[in-house]
Amino acid sequence: MLTKGKWLEFLDVMDEMFPDAHCELVHENPFELTIATLLSAQCTDALVNRVTKDLFQKYKTPQDYLNVEIEELQNDIRSIGLYRNKAKNIQLLCQRLIDEYNGEIPANREALVTLPGVGRKTANVVLSVAFDIPAMAVDTHVERITKRLGLCRWKDSVLEVEETIMKKTPIERWSRAHHQMIFFGRYHCKAQNPQCHICPLLSDCREGQKRLKKGLVKL
DNA sequence: ATCCCGAGGG
DNA sequence: CCCTCTGGAT
């Protein structure tokens with residue numbers, strides 16, 4: 001397993017590689033961020049931004065999303081995967097905001113995760129980015145990287161991964177580390193063909209060493 | 001465990 | 001062709 005010291009060294013490397021990593025989902029308020037994050041499930045954020053550019057011009061308030069037929073909303077987000085579920089969840093979410101939260105996104109996890117289409121990961125993104133409340137969102141990149149490095153076990157649940165990262169990371173660093181891991185996972189520690197040959201962490205990485213011995217790392 | 005589900009990269 | 005993308009609900 002990776003020691004806490006090695007983990008902190010990893011975070012320092014992230015600071016060098018991605019000094020200003022930040023949320024790349026384009027948004028102007030908590031409501032837009034929630035919609036964008038909901039749309040980002042199993043989808044690149046570049047594609048989300050392409051869709052929300054027009055979407056956020058057309059729909060400003062929760063009521064705006066309820067004033068159109070579901071088919072029209074589906075069409076507006078069709079280029080994103082899972083568009084039927086996402087369109088339905090957006091309208092259900094908007095109705096709940098109006099009925100129970102005065103049309104505003106609530107700033108606490110318990111309320112957020114009850115919203116349609118909003119799970120723990122999305123809630124943590126909204127808390128952290130929109131409200132500056134410390135939270136660690138575990139997405140596909142964060143899970144893959146922490147397990148490859150050996151900070152977490154392969155069998156760990158996403159909740160266990162979240163707890164481990166929070167325990168071993170200074171709280172003021174949670175948000176930055178989250179976005180740095182997204183960049184690192186997207187461009188270096190990719191799901192396919194990870195760039196182990198140029199990775200500064202190869203000597204400390206459990207998966208990297210494994211791939212090295214298998215001859216999968218071309219130096 | 002399975003379904004949803006289009007765009008992009010290899 | 002295949003796999004992956006800032007997951008969530010059943």
Side-chain angles (χ1 to χ4, degrees), chain A residues 14 18 20-27 30 32-55 70-71 73-96 105 109-131 134-148 152 155-162 165-166 169 174-197 207 211 216 218:
Chain A
M14 290 298 98
F18 312 106
D20 48 15
H22 62 283
C23 178
E24 290 205 312
L25 294 171
V26 177
H27 64 282
E32 287 190 352
L33 177 65
T34 303
I35 298 293
T37 309
L38 185 156
L39 290 174
S40 74
Q42 300 296 102
C43 174
T44 61
D45 57 349
L47 191 50
V48 172
N49 289 336
R50 192 191 307 172
V51 166
T52 56
K53 183 177 181 182
D54 293 329
L55 195 72
I70 184 79
E71 291 79 10
L73 183 54
Q74 283 179 8
N75 209 305
D76 290 332
I77 65 172
R78 186 170 296 277
S79 58
I80 291 184
L82 317 179
Y83 62 88
R84 275 192 285 254
N85 282 338
K86 289 172 180 177
K88 182 175 66 175
N89 283 332
I90 286 172
Q91 288 197 324
L92 291 172
L93 180 149
C94 288
Q95 189 64 58
R96 287 279 308 284
I105 299 293
R109 185 183 291 116
E110 294 70 28
L112 283 168
V113 295
T114 70
L115 298 174
V118 178
R120 191 177 180 90
K121 179 260 171 181
T122 299
N124 284 342
V125 170
V126 172
L127 288 172
S128 174
V129 176
F131 298 116
M136 176 55 64
V138 178
D139 53 63
T140 181
H141 295 299
V142 173
E143 182 174 8
R144 183 177 65 250
I145 290 165
T146 54
K147 290 186 176 181
R148 277 182 175 170
C152 304
K155 64 169 191 172
D156 284 352
S157 66
V158 289
L159 194 58
E160 290 172 317
V161 171
E162 180 183 326
I165 298 173
M166 289 192 295
T169 308
W174 288 1
S175 180
R176 193 165 81 252
H178 166 67
H179 293 108
Q180 287 168 334
M181 280 189 275
I182 297 211
F183 276 79
F184 185 59
R186 185 182 298 160
Y187 301 116
H188 296 265
C189 196
K190 300 183 291 184
Q192 290 180 289
N193 303 319
Q195 309 298 100
C196 298
H197 59 290
E207 183 68 12
R211 296 177 65 87
L216 296 174
K218 34 189 175 183

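Order of the sequence lines sets the chain letters (A, B, ...), proteins ahead of strands, with each chain counted from 1.
- Between Arg50(A) and dC5(C), a side-chain N or O to OP1/OP2 separation shorter than 4.0 Å is absent.
- Between Lys86(A) atom NZ and dT6(C) atom C1' the separation is 11 Å, expressed in whole Å.
- Here the shortest heavy-atom pairing between Ala123(A) and Arg109(A) reads CB-CG, 4.3 Å.
- Contact check, Arg186(A) against dT6(C): a side-chain N or O comes under 4.0 Å of OP1 or OP2.
- Contacts of Leu115(A) with the nucleic acid, taken as non-hydrogen atoms under 4.0 Å apart, involve only primed sugar atoms and P, OP1 or OP2.
- Taking the six-membered ring for Trp and thresholds of 30 and 60 degrees, Phe18(A) and His188(A) have ring planes more than 60 degrees apart, a perpendicular arrangement.
- Across dT4(C), dG6(B), dT6(C), the shortest atom-to-atom separation from the side chain of Gln192(A) is found for dT4(C).
- Between the CG atom of Asn49(A) and the P atom of dG8(B) there is a distance of 13 Å, given to the nearest Å.
- Residue Asn193(A) has its side chain nearest to dG10(B) when only dT4(C), dG6(B), dG10(B) are considered.
- If Ala46(A) and Gly117(A) are placed on DNA chain C by their nearest nucleotide, the residue sitting closer to the 5' end is Ala46(A).
- Straight-line distance between the P atoms of dG10(B) and dT6(C): roughly 14 Å, to the nearest whole Å.
- Computed from coordinates, the Lys88(A) NZ to dG7(C) P distance equals 19 Å when rounded to whole Å.
- Under 4.0 angstrom from either OP1 or OP2 of dG6(B) there lies no side-chain N or O belonging to Arg78(A).
- Residue Cys43(A) is tested with Ile80(A), Ile77(A), Leu82(A), Val51(A) for a side chain to side chain contact (heavy atoms under 4.5 Å, CB included); the sole match is Ile80(A).
- Rounded to whole Å, atom P of dG8(C) lies 14 Å from atom CD1 of Ile35(A).
- For His141(A), counting side-chain heavy atoms from C-beta on, the closest listed nucleotide (dG7(C), dC5(C), dG6(B)) is dC5(C).
- Heavy atoms from other residues, nucleotides or ligands lying under 6.0 Å from NZ of Lys88(A) number 12 at most.
- Here dC5(B) is the nucleotide among dC5(B), dG7(C), dT6(C) with the atom lying nearest to any side-chain atom of Arg84(A).
- Each of Ala191(A) and Asn89(A) was matched to the nucleotide of DNA chain C holding its nearest heavy atom; the match closer to the 5' end belongs to Ala191(A).
- Atom OH in Tyr187(A) sits roughly 12 Å away from atom C1' in dC5(C) (whole-Å rounding).
- Regarding Leu112(A), its CG atom lies at a distance of 14 Å from the C1' atom of dG8(C), rounded to whole Å.
- When the C1' atom of dC5(B) is taken as reference, atom CG of Leu82(A) falls 5 Å away, rounded to whole Å.
- Distance noted for atom P between dA9(C) and dA7(B): 24 Å (whole Å).
- At a threshold of 4.0 angstrom between heavy atoms, the contacts of Val118(A) are confined to the sugar-phosphate backbone, with no base atom among them.
- Across dG8(B) and dG8(C), the matching C1' atoms stand 23 Å from one another, rounded to whole Å.
- Nearest-nucleotide mapping onto DNA chain B: of Asn85(A) and Ser79(A), the residue sitting toward the 5' end is Asn85(A).
- Between Thr122(A) and dG8(C) there is a side-chain polar atom (N or O) within less than 4.0 angstrom of OP1 or OP2.
- Arg144(A) places a side-chain N or O within 3.5 Å of a backbone atom of Cys189(A) that can act as its donor or acceptor partner.
- Here the nucleotide nearest the side chain of Leu47(A), chosen from dA7(B), dT6(C), dC5(C), is dA7(B).
- Using a cut-off of 4.0 Å between Lys/Arg side-chain N and Asp/Glu carboxylate O, Glu162(A) and Arg120(A) are scored as salt-bridged.
- A distance of about 13 Å separates the C1' atoms of dT4(C) and dC5(B), rounded to the whole Å.
- Taking atom CG of Leu39(A) as the reference point, atom C1' of dC5(B) lies 13 Å away to the nearest angstrom.
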